[in-house]
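Contents: one structure, followed by commentary.
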Amino acid sequence: QVELVESGGGLVQPGESLRLSCVASGPAYSNIIMGWFRQSPGREREFVATIRQSDGHSYVEDSLKGRFIISGDNATNTVYLQMNNLRPEDTAVYYCAARTVPIFTITESQYHFWGQGTRVTVSS
């Protein structure tokens, strides 16, 4: 069982930045895939970004490229989501997820473990 704990959410103004963190604890799976999803009010949860911790290969949703960056620190089992130039439409609860099969996917049902989420609000 992998436990995921997110942090870093908060209230920011449009154009500002936030960095979310997700710390994983539990059994050490090789080639674990970590991902970020988000859910806005009234909408389904959607994929944001994913990274393979072992080699750092990553993928960010096309519409978020250029503003969102995913990175990882193997030494601390932490994954980060750097969000720049935030917009009101980025307002959502952001969830960290983990998948023990080392193949990238954007499908939330294929992630095995989930954090509780951290809320991001972008408003002036």
Requested in this report: Can you measure from CE (Met34) to CG (Asn77) and round to the nearest 0.5 angstrom?
Outcome: 8.0 Å

Report summary line: Nearest heavy-atom contact between Thr91 and Pro41 is O-CD, 4.3 Å

Query raised in the report: Would you call Phe37 and Tyr111 a side-chain contact if the rule is heavy atoms closer than 4.5 Å?
Result: yes

Report task. Look at the rings of Tyr95 and Trp114 and say which category their plane angle falls in: under 30° parallel, 30 to 60° tilted, over 60° perpendicular. Result -> perpendicular

Query raised in the report: Can you tell me how far the OH atom of Tyr59 sits from the NZ atom of Lys65, to the nearest 0.5 Å?
Result: 5.0 Å

Query raised in the report: Within the distance-only criterion (no hydrogens, no angle test), does the side chain of Glu108 pair as donor or acceptor with the backbone N or O of Phe47 below 3.5 angstrom?
Result: no

Report task. Verify the distance criterion only: is there a donor paired with an acceptor across the side chains of Arg38 and Tyr94 at less than 3.5 Å? Result -> yes

**Report entry** Gln116 atom CD, over 12 foreign heavy atoms within 6.0 Å
**Finding:** no

Report task. Please identify each residue that fulfils side-chain contact (heavy atoms from CB on, under 4.5 Å) with Glu3, with sequence neighbours left out. Result -> Val5, Ser25

Requested in this report: Report yes if some heavy atom in the side chain of Arg52 is under 4.5 Å from a heavy atom in the side chain of Pro102; otherwise report no.
Outcome: yes

Report summary line: dist Ser7:OG -> Arg19:CZ (nearest 0.5 Å) comes out at 9.0 Å

**Report entry** Interatomic spacing from CD in Gln53 to CG in Asp73 - rounded to 0.5 Å
**Finding:** 8.0 Å

**Report entry** Under 3.5 Å donor-acceptor, Ser40 side chain and Ala92 backbone
**Finding:** no

Requested in this report: Indicate, with yes or no, if Leu81 and Phe113 share a hydrophobic cluster defined by side-chain heavy-atom contacts under 4.5 Å among Ile, Leu, Val, Met, Phe, Trp and Tyr.
Outcome: yes

Query raised in the report: Hey, are Asp90 and Arg87 close enough for a salt bridge, meaning a charged N less than 4.0 Å from a carboxylate O?
Result: no

Report task. Look only at the side chain of Arg99 and the backbone of Ile33, and say whether a donor-acceptor pair between them is shorter than 3.5 Å. Result -> no

Report task. Answer with yes or no whether the hydrophobic clustering places Val48 together with Val12; edges join I, L, V, M, F, W, Y residues whose side-chain heavy atoms lie under 4.5 Å apart. Result -> yes

Report task. Tell me whether Leu64 is reachable from Tyr80 by hopping between hydrophobic residues (I, L, V, M, F, W, Y) whose side-chain heavy atoms are closer than 4.5 Å. Result -> no

Requested in this report: Check whether any side-chain heavy atom of Leu20 sits under 4.5 Å from a side-chain heavy atom of Met83, and report yes or no.
Outcome: yes

Report task. Hey, could you give me the CD1/CD1 distance between Ile51 and Ile69, rounded to the nearest 0.5 Å? Result -> 11.5 Å

Query - Note, Thr105 side chain near Thr50 side chain (heavy atom, < 4.5 Å) - result: no

**Report entry** Rounded distance [0.5 Å steps], CD in Gln39 versus CZ in Arg119
**Finding:** 10.0 Å

Requested in this report: Taking the side chain as every heavy atom from C-beta outward, state whether Val23 and Thr76 have any atom pair closer than 4.5 Å.
Outcome: no

